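Reviewing the structure listed below.
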There are 2 protein chains.
Amino acid sequence: MAQNPDNLLNNRNIKPTAMRELVLKVLTEQTTAISLAELEHKFHKADKVTLFRTLKTFEENKLIHSIDDGTGSVKYALCTESCQCNPDDLHVHFFCTLCHHTFCLNDIPIPSVNLPVHFNLESISMVVKGICSNCKK
Amino acid sequence: MAQNPDNLLNNRNIKPTAMRELVLKVLTEQTTAISLAELEHKFHKADKVTLFRTLKTFEENKLIHSIDDGTGSVKYALCTESCQCNPDDLHVHFFCTLCHHTFCLNDIPIPSVNLPVHFNLESISMVVKGICSNCKK
DNA sequence: AAAGTTCATGCAACCAAGTTGCAAAGTTAC
DNA sequence: GTAACTTTGCAACTTGGTTGCATGAACTTT
């Protein structure tokens, strides 16, 4: 079932302002995760801080998740509708060293690890680096 | 077989200067990974840039590896003697959200993942966040 | 509908981590 | 000893992220 933008926002208890709808629209159009700087370039007029806070609001309300792919700039991507960002909801990310795009491998859950005794798990991040299928051609 | 510092440096083709020996000594004394800023605090007189370049030299020659634990500052830890930083050599890292220390779980190799077709693997990073055994007590 | 409250936005300025350029000091080769 | 190269130290800069504060929009209360 497709969701219109306002539903997506309302479902996550985010007040749907014009700005937020615009940002959400850009996010839904991405096939790879996007950084704050890249997001900024998509707008001619918007302020970096506003976009930053918009992303933060989205993240706090689990509409998007952030990915630290090791490039020095955090990337953001939409969560699936049912995502609660629990360890079970997490998936592997892939960073292409050629095109520098960061992919959500939504179909690849993070494999479980057996931690040493008395280590307590809260979350896991797994980033694979290599060449993506586009660049491989 | 224990290695003296100069051997460790020579084995990795790093010219053993006084500075490098001091940095290596500090690194061998750590039980958890250390950031550039933390390393700087271990010295009263050393320059941040020199330490930065020393770490970079060490990393390029695979004496140490860097860990991006998502805190915004990269951590460094000694490699095992045989490490070539290939995917097979990599281990899981653990970041404690209480004491903010980053552990090398040398005994826990990164589980393999089946990438989508035509995705090519170069390296993987896996960081688990939670509470370490020390803080759990 | 005016006044008050709350939340969102925009600008300026700041901060931390990492990085570069260059000159001085040290080391090695001849 | 001098030339060539490497390492170190200082200054200064870049980038990404973040805070403070004032303005502006929206919503409430009367």
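As the structure is a computational prediction, the values presented were derived from the model and not from experiment. So you know, we letter chains A, B, ... as the sequences are listed, proteins then strands, and number each from 1.
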Counting N and O atoms only, with roles assigned by atom type, does the side chain of B/S35 sit under 3.5 Å from a partner on the main chain of B/K75, one being a donor and the other an acceptor?
-> no
With distance as the sole test, does B/N61 use its side chain to make a donor-acceptor pair with the main-chain N or O of B/F58 at under 3.5 Å?
->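 It does not hold such a pair.
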In whole Å, what is the span from the [atom1] atom of [X] to the [atom2] atom of [N]?
{"X": "B/L9", "N": "D/dT6", "atom1": "CG", "atom2": "P", "answer": "18 Å"}
{"X": "B/K45", "N": "D/dC10", "atom1": "NZ", "atom2": "P", "answer": "6 Å"}
{"X": "B/F58", "N": "D/dT8", "atom1": "CZ", "atom2": "C1'", "answer": "14 Å"}
{"X": "B/H44", "N": "D/dG9", "atom1": "NE2", "atom2": "P", "answer": "15 Å"}
{"X": "B/F52", "N": "C/dG18", "atom1": "CZ", "atom2": "P", "answer": "8 Å"}
{"X": "B/D47", "N": "D/dA12", "atom1": "CG", "atom2": "P", "answer": "14 Å"}
{"X": "B/R53", "N": "C/dG21", "atom1": "CZ", "atom2": "P", "answer": "10 Å"}
{"X": "B/E21", "N": "D/dT7", "atom1": "CD", "atom2": "C1'", "answer": "14 Å"}

NA contact type, B/T50, heavy-atom cut-off 4.0 Å: base, sugar-phosphate, or nothing?
-> base
Examine the base of D/dG9 for any acceptor or donor lying under 3.5 Å from a partner atom in the side chain of B/K48, and report the outcome as yes or no.
-> no
Is the base of C/dG26 touched by the side chain of B/R20 through a donor-acceptor pair closer than 3.5 angstrom?
-> no
Can you check whether B/F95 and B/H101 have ring centres sitting under 6.0 Å from each other?
->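 Distance test on ring centres: not under 6.0 Å, no.
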For D/dT8, does OP1 or OP2 lie under 4.0 Å from any side-chain N or O of B/T17?
->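 So the side-chain polar atoms of B/T17 do come within 4.0 Å of the phosphate oxygens OP1 or OP2 of D/dT8, strictly under.
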Listed nucleotide nearest any side-chain atom of [X], set [options]:
{"X": "A/V49", "options": "C/dT9, D/dG16, C/dC11", "answer": "C/dC11"}
{"X": "A/T54", "options": "D/dG16, C/dT9, C/dT20", "answer": "C/dT9"}
{"X": "A/K15", "options": "C/dC7, D/dT8, D/dT19", "answer": "C/dC7"}

ring-ring contact (aromatic ring centres under 6.0 Å, His included) evaluation trace for A/F119 with B/F103 = CA-CA 11 Å; A/F119 277 67; B/F103 299 76; 5.6 Å; yes
So, B/E29 and B/K25, do they make that salt bridge, N to O below 4.0 Å?
->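 Yes, this pair counts.
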